[in-house]
Structures are given as structure tokens and as C-alpha cells.
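Remember, it's a predicted structure, so these values are computed and weren't measured experimentally.
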Amino acid sequence: MVSLRIALRYLFSRKSHHAVNLISRISVAGVAVATAAIVCVLSVFNGFSRLASERLSHIDPELRVEPLIGKSIGRADSLAGVLMATGVVEAVSPVIEERALAMYGGVQLPVRIKGVADGYEAVTDISSIVIDGEFLTHDGDYGCATLSVGTAISLGAHPGYYEGLEIYVPRRVGRINPAAPMSAFRADTLLVGGVYEVDQSEYDADMVIVPLESARRLLDMPSQATALELRAAGGKSVAEVRDAVRKIVGSEMVVKDRLMQQEESFRMIEVEKWITFAMLAFILAIASFNVISTMSMLIIEKRDNIATLRALGAGPRMVRRIFMLEGWLIAIFGGVAGLVLGVILCLAQQWGGFIRLNGDPSQLSVNVYPVHVEAADLLAVAALVSVIGLVTGFVASRFSGRFFTAGSNEHN
């Protein structure tokens, strides 16, 4: 393509005025810096999203079955047995989640209780995040509770036989005697077996994990569950098991993987990420205005070449195309340099951890900014740079038409 070859020659040829060379380099550098900034910011968002996903995986099951309508699943134990018989599921646990009141040593705290069956550690990796004691549902004949770190701190509770943890839940069925207010509640006393920490406020603030039979007794739910939590069998992908479970449970229930279980949280991260991308894209567009000024000076310098091209038979459309491609090439070279620079900086942070988070390292679960480069982000940034380059090149090329017309009038 003749226009592209001429544009490339103009791009790499030495200009007669040093100022044009300098402004061209500044234009490329401006686009490169803005592009690198977009890559780095998007990679930081990816890093935090990936970190949150890894943290949640310790307590969130691989798959979770919930009722589409209502709060409970009837005959949950039977359904759990059917799912285990398929061979695609390694472990299943019915769970019950509800609000309750916890009391320990005279301190009261509203909490969320989660009743889990024996062997629940086969469904999630909760044992790996216990920071004090151990994860237990029973210790001999006694039921045990595992507290989140926020609950343990608020109640002043710690593992051991020092004092029982009392759980109170309003009665769901039966009559209430106004003369005896405590009869309006069901209560159970458990030992504190362990304390866990996920480093996620929604899990660490007020959660208490209790034995399933205790939760069923408190809530008058002898065979029901609010959800079923599953782990896929070895060698089976989560997507494959999810599809198989959907066929079994039917349309009255919904099957969620880990991302779907935290859909709102991860959607918020994605929204913040792409809003930031839009703001940085605007900054990149502003930086690309330097390309227009560079093109204007280049067109002025090449006015004799424009006259030569006109004499050789080139029309105004071809001249505009040359300078439009010139502006696009400047943006592309700057964008490629920015992409390479951004990827290098992100990989250096990922491997070296040079930029650290402020705060006491002993109190932080991660003390460096997490980054993760994704190919989709690089493609999106490259497309943005290409579009902005075409727009700026098109705007600048309009200026070349004046010289072509002026040269034609002088010739006439």
C-alpha cells in the first residue's frame, strides 16, 4: 500500500527541524506512559480479584445448591444421598444458615449461625484457616462451635472447656407464653472448638459454625436445609459436575459455583475496574492530542512533498490517507511501547513485590500490591489505542487538505 509506505518513511525519516523530532518523541512517550498506566491499574484490579477468589475458596464450597423459591430444601439428606450416588461428587453437606444470638461470659452478640454436618472439612478447606484450636463439630458427647475471628474477639471467647457458648434462636413453631419470655427462644450450649480467619469482613465479622443437628433442633428443621454444599470428585471439572447436578435437582433449585456465590462482590470489582478503565481512556485521549500537534507540524514541514505528490497525480484523498496513517502509526508505536512497559512493570511487581502496602506487616494478610496480567485486558487496551490513533490521525489529516488546495491554487 503506497500510502502506508510513505507514512512509514515520514515516521522514521529525520526531520529538517529538530523541534519536530522532539515533539514526535514526546507524543509517542505520552501515549506510551498513558497506556502503561492503564495496563498497570487493570492488572492491580485483577490481582485483588484473584486474591479475593483464592481467600474465599478456603471457606466457600466448589458448588452450592440453593432453593430457587423459599429458604429451605425439604428432604435435604435424601437429596444429598442421591447426589453422592452419582459418582461425580466427592462430598456433600446439608447446611443451615440463620440469624441468632450468642452469649459467652455474659457478653451478647447477634451472629449468623451455620449448621454443618460431620465431615464438613471434606467439602471446604476450613481447617486450613483455623488460627486457634481446631475445627470440630463434636468433642466426645459435646457439640462444638467454630467462631470467626470477629465473633471471638467481640465475645472474648477462646477454644477450650472454660465456658460454654450459648446460642438463642426465636421459636419458629408452637405457642409462646407471655409470662415466660425465655420460652420464646430455643437455646443450646456448645464448646468453642476453634477460631478461623478468612480476611474477608463478611465471613470474619459474626459467623458461628455449629453442628447440623444443633442448628436443626434450634430452628425446628428436622430434615430440611437451607443449602447443600458439594465438592467435585477428583478428575471432574467444576463445570461438568455443576451441569450434572443441575439435571438431578431440576429447575426448582439453583446450582452456584464459587464465583456465582459471590456474584455481587466480584461484579462490584469488575464495575470499578472498567469505570477506572474509562477514566484512564479519557486521559489517554487527552495525551493523544499531542499527536495532532505533531501531525500539524509535520504537515507544515512536508508541504513541498505534498506539492510533489500532487504533481505526480496524487489526489487530496491519498494525501489525507498518508497523514491519517502517520498519526495512527505514532499512536500504535506509543501504544506498543506502553504495553511492553506495563507488562514489564507488572511482572516485576508480581515476582519482586517492590511496591508494598502501608501498615503493620504482621497485621496484613498480604503486604504487597497483588497484580495479575490478563490477555483480554491487553487486547482491550490495544484496541483502545488503535481507535484513538485512527481518530487523532483523521482529525490531523484534515489539515493536509488545506495545503493540497493551496498548492493547487498557486499552480493554477
Worksheet item: Sub-3.5 Å donor-acceptor pair from the side chain of S43 to the main-chain atoms of V39, do we have one?
Response: yes

Item to complete: Drop me the distance from I167's CD1 to L101's CG, to the nearest 0.5 angstrom.
Response: 8.0 Å

Practice prompt. Without swapping roles, check the side chain of S148 against the backbone of M207 for a donor-acceptor pair under 3.5 Å.
Written response: yes

Worksheet entry | Exercise: do D204 and Y196 side chains pair donor with acceptor under 3.5 Å | no

Worksheet item: With R242, which residues qualify under side-chain contact (heavy atoms from CB on, under 4.5 Å), at least two apart?
Response: L63, A239, R246, V255, D257

Item to complete: I would like to know whether Y120 and F135 meet side-chain contact (heavy atoms from CB on, under 4.5 Å); could you show each step before the answer?
Response: CA-CA 9 Å; Y120 182 68; F135 175 76; 3.9 Å; yes

Would you list the atom pairs, donor with acceptor, under 3.5 Å between side chains in residues 342-350 and any protein atom, with sequence neighbours excluded?
{"unit_1": "Q349", "atom_1": "OE1", "unit_2": "F354", "atom_2": "N", "d": "3.1"}
{"unit_1": "Q349", "atom_1": "OE1", "unit_2": "I355", "atom_2": "N", "d": "2.9"}
{"unit_1": "Q349", "atom_1": "NE2", "unit_2": "I355", "atom_2": "O", "d": "2.9"}
{"unit_1": "Q349", "atom_1": "NE2", "unit_2": "Y369", "atom_2": "O", "d": "3.0"}

Worksheet item: Ion pair present between R217 and D188, side-chain N to carboxylate O less than 4.0 angstrom?
Response: yes

Table please: side-chain donor-acceptor pairs of residues 72-82 below 3.5 Å, with sequence neighbours left out.
{"unit_1": "D77", "atom_1": "OD1", "unit_2": "R216", "atom_2": "NH2", "d": "3.1"}
{"unit_1": "D77", "atom_1": "OD2", "unit_2": "R216", "atom_2": "NH1", "d": "3.1"}

Worksheet item: Counting only N and O atoms by type, is there a donor-acceptor contact under 3.5 Å from the side chain of T151 to the main-chain atoms of V111?
Response: no

Item to complete: Would you list the pairs meeting side-chain hydrogen bond (donor to acceptor under 3.5 Å, both in side chains) in which at least one residue belongs to residues 103-112, sequence neighbours left out?
Response: R112-D206

Fill in: R231 side chain vs V89 backbone, donor-acceptor pair below 3.5 Å
no

Practice prompt. Indicate yes or no for a side-chain donor-acceptor contact from E62 to the backbone of S237 under 3.5 Å, with no hydrogens or angles considered.
Written response: no

Discussion item. Going by the rule side chain to side chain donor-acceptor pair (under 3.5 Å), which residues pair with R64 if we only count those two or more places apart in sequence or in a different chain?
Written reply: E66, E97, E229

Worksheet item: Can you check side-chain contact (heavy atoms from CB on, under 4.5 Å) on V245 and L83, steps first, answer last?
Response: CA-CA 7 Å; V245 171; L83 292 174; 4.1 Å; yes

Item to complete: May I ask you to decide if D125's main-chain N or O and S128's side chain share a donor-acceptor pair within less than 3.5 Å?
Response: yes

Worksheet item: When rounded to the nearest 0.5 angstrom, what is the spacing between CD1 in I209 and OG1 in T124?
Response: 7.0 Å

Fill in: With E213 via side chain to side chain donor-acceptor pair (under 3.5 Å) - residues at least two apart
H138

Practice prompt. Using the side-chain contact (heavy atoms from CB on, under 4.5 Å) rule, take L68 and E252 through it: C-alpha gap first, then chi angles, then the decisive distance, then the call.
Written response: CA-CA 5 Å; L68 188 61; E252 295 181 356; 5.5 Å; no

Item to complete: For S214 and V210, indicate whether the former's side chain and the latter's backbone hold a donor-acceptor pair under 3.5 Å.
Response: no

Fill in: Validation row: P94, L228 side chains within 4.5 angstrom (heavy atoms)
yes

Worksheet item: Looking at K236 and E90, does any basic side-chain N land under 4.0 Å from a carboxylate oxygen?
Response: no

Fill in: Check against side-chain contact (heavy atoms from CB on, under 4.5 Å), F277 and V41
CA-CA 8 Å; F277 175 78; V41 170; over 6 Å; no

Fill in: Separation between CG of D377 and CG of L42, rounded to the nearest 0.5 Å
5.0 Å

Worksheet item: Under 3.5 Å, is there a donor-acceptor pair between the side chain of T276 and the main chain of E272?
Response: yes

Discussion item. Just checking M260: does its CE atom have more than 12 heavy atoms from other residues, nucleotides or ligands closer to it than 6.0 angstrom?
Written reply: yes

